[in-house]
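In what follows, every chain begins at residue 1, and chains take the letters A, B, ... in the order their sequences are listed.
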Number of protein chains: 2
Amino acid sequence: MNTKHLPHKTVERLSQYRRTLYLILSKDKTHVFSHEIAQMLHITPVQVRRDIMLIGYSGNLRKGYDIKELIDLIGKIIDTEKGQNVAVIGLGNLGKAIISYFKGKRTKLKIIAAFDINPDKINRVYDGVQCYPASRIHEIIKNEDITIGIITVPAEQAVATAETLVLSGIKGILNYSPKPLNVSPNVFLEEYDMITSLEKVAFYAKKNDERFK
Amino acid sequence: MNTKHLPHKTVERLSQYRRTLYLILSKDKTHVFSHEIAQMLHITPVQVRRDIMLIGYSGNLRKGYDIKELIDLIGKIIDTEKGQNVAVIGLGNLGKAIISYFKGKRTKLKIIAAFDINPDKINRVYDGVQCYPASRIHEIIKNEDITIGIITVPAEQAVATAETLVLSGIKGILNYSPKPLNVSPNVFLEEYDMITSLEKVAFYAKKNDERFK
DNA sequence: TTAGCATTGTTATTATATAAACAATTGAAC
DNA sequence: GTTCAATTGTTTATATAATAACAATGCTAA
């Protein structure tokens with residue numbers, strides 16, 4: 001599959017399309033129209049068709065898109081054949097939330113390790129995921145072929161954690177700490193800051209309010 | 001303050017600038033250059049200056065920006081004078097994570113209520129935040145003047161939760177459930193989906209890997 | 001006094017993302 | 001058959017965001 005330059009937003013939507021398609025498939029439907037997908041995700045049908053065009057798939061004019069084919073194709077694009085292993089660094093509330101979130105989800109991504117520095121958590125199993133001491137990050141990431149790390153440690157430890165991950169050969173990092181990171185260009189970094197999101201909502205909530213009164 | 005059309009991304013960065021500025025302020029500095037802020041956030045100095053231009057502030061050519069003035073101005077733009085009250089709906093791991101995250105943070109945003117349907121959680125206090133039964137959402141949002149709701153309930157309950165919030169007069173919603181919502185245009189909606197984020201990281205991690213080997 | 005330098009503030013350009021417009025196609029109804 | 005309605009696929013246009021380019025300023029120091 002030639003995925004030359006898929007826009008970031010398209011990649012994000014592909015993930016959502018796939019989950020939506022599974023939902024529709026479970027209703028014994030075999031085909032779906034762009035506007036049906038669009039309606040479920042509250043976006044425009046044009047957006048859906050454009051994204052599908054970008055991945056080189058074609059639908060049927062009367063029946064729409066073959067759901068199974070589309071699911072398979074999206075899988076070929078965003079998954080690797082044998083899947084990728086994931087580690088959560090920081091087993092606080094957020095780390096636990098992420099692990100239980102993924103529990104039982106059909107996906108090529110498997111959370112297979114958690115790390116923490118709290119002795120009460122180390123060597124225990126949370127929702128099927130073993131917690132190791134942070135000192136063993138390097139060793140376990142190497143041995144278990146973990147390619148993705150989710151950082152949920154406090155801000156003070158985020159930079160050191162990221163460095164360890166990169167040195168251990170990680171390929172992608174999802175950073176939930178409020179501390180912006182800087183990693184080498186061969187590691188993909190995605191950052192999400194809850195405080196920023198909330199302050200953004202607060203700002204536009206205020207503006208909307210002023211506009212409507 | 002005339003905040004006609006601040007781009008979404010600028011609003012997000014303003015939130016980050018302010019936190020960065022507080023950090024610098026605590027080091028007894030009174031002024032800061034655009035490249036210093038930029039370096040801490042790993043963005044370009046031009047981006048910083050452009051954002052600051054958009055909010056109508058001017059720095060000093062030799063000393064840079066007055067930190068206190070800039071903090072105050074950002075506050076005037078993104079905060080309301082008396083602050084806004086926030087509720088978390090769904091006191092699972094994610095809800096707890098958000099509450100403990102905000103604990104003790106200096107901010108005009110105050111989480112003052114949580115809601116859940118689990119009797120074990122109802123009427124208990126978590127990190128200073130009282131948990132109420134979901135049946136009282138409408139009443140408490142009205143009475144306590146809560147303007148922002150953070151949805152951390154399971155997907156199945158997300159739509160009903162959002163409807164209740166909107167009917168209760170909420171102004172902004174931050175949706176962490178994987179279920180896309182649809183609210184009336186006078187309510188600001190921000191959605192974040194962890195699975196999508198992780199799948200995105202997986203995709204680009206894979207691509208990077210292919211590119212570098 | 002004047003040249004040099006680092007910085008800000010602004011405009012212009014490019015890149016990314018969304019939306020609109022519309023031709024092409026297919027099957028159904030008459 | 002022929003017309004019609006609905007849908008896809010693609011091109012064009014617009015909106016948003018990031019980057020680059022550069023003039024203006026004011027301090028320093030020769």
Here the distance between atom P of dT25(C) and atom CG of L61(A), to the nearest Å, is 9 Å

Y57(B) OH to dT10(C) P, in whole Å, measures 14 Å

query = Taking atom types as modelled, is there a side-chain donor on Y65(B) or S58(B) under 3.5 Å from an acceptor on the other?
reply = no

Sorted by chain and residue number, the ring-ring contact (aromatic ring centres under 6.0 Å, His included) partners of F115(B) (sequence neighbours excluded) come out as Y132(B)

Please list, pair by pair, any protein nitrogen or oxygen found under 3.5 Å from a nitrogen or oxygen in nucleotides 15-21 of chain C.
| from | atom 1 | to | atom 2 | distance (Å) |
| --- | --- | --- | --- | --- |
| dT18(C) | OP2 | R13(A) | NH1 | 2.8 |
| dT18(C) | OP2 | R13(A) | NH2 | 3.1 |
| dA19(C) | N6 | R50(A) | NE | 3.3 |

Please determine, by modelled atom types, if T147(B) and Q84(B) share a side-chain donor-acceptor pair under 3.5 angstrom.
yes

When R18(B), R19(B), R13(B) are each screened for side-chain hydrogen bond (donor to acceptor under 3.5 Å, both in side chains) with S15(B), the one that passes is R19(B)

E69(B) atom CD is separated from dT8(C) atom P, nearest whole Å, by 15 Å

Between CE of M53(B) and C1' of dT8(C) the distance, given in whole Å, is 11 Å

Whole-Å distance, F33(B) CZ to dG9(C) C1', equals 15 Å

Taken to the nearest whole Å, CG/D51(B) to P/dG9(C) is 13 Å

Q) Just by distance, with hydrogens left out, do E191(B) and N175(B) show a side-chain donor and acceptor under 3.5 Å apart? A) yes

*For dG9(C), take OP1 and OP2 only and decide whether either is under 4.0 Å from a side-chain N or O of S58(B).*
yes

Rounded to whole Å, the CG-P distance (L54(A) to dG9(D)) equals 12 Å

Of R62(B) and P45(B), the one whose closest nucleotide on DNA chain C sits nearer the 5' end is R62(B)

**Prompt:** Going by the angle between their ring planes, with limits at 30° and 60°, are Y176(A) and Y192(B) parallel, tilted or perpendicular?
**Reply:** perpendicular

Whole-Å distance, H31(B) NE2 to dC27(D) P, equals 12 Å

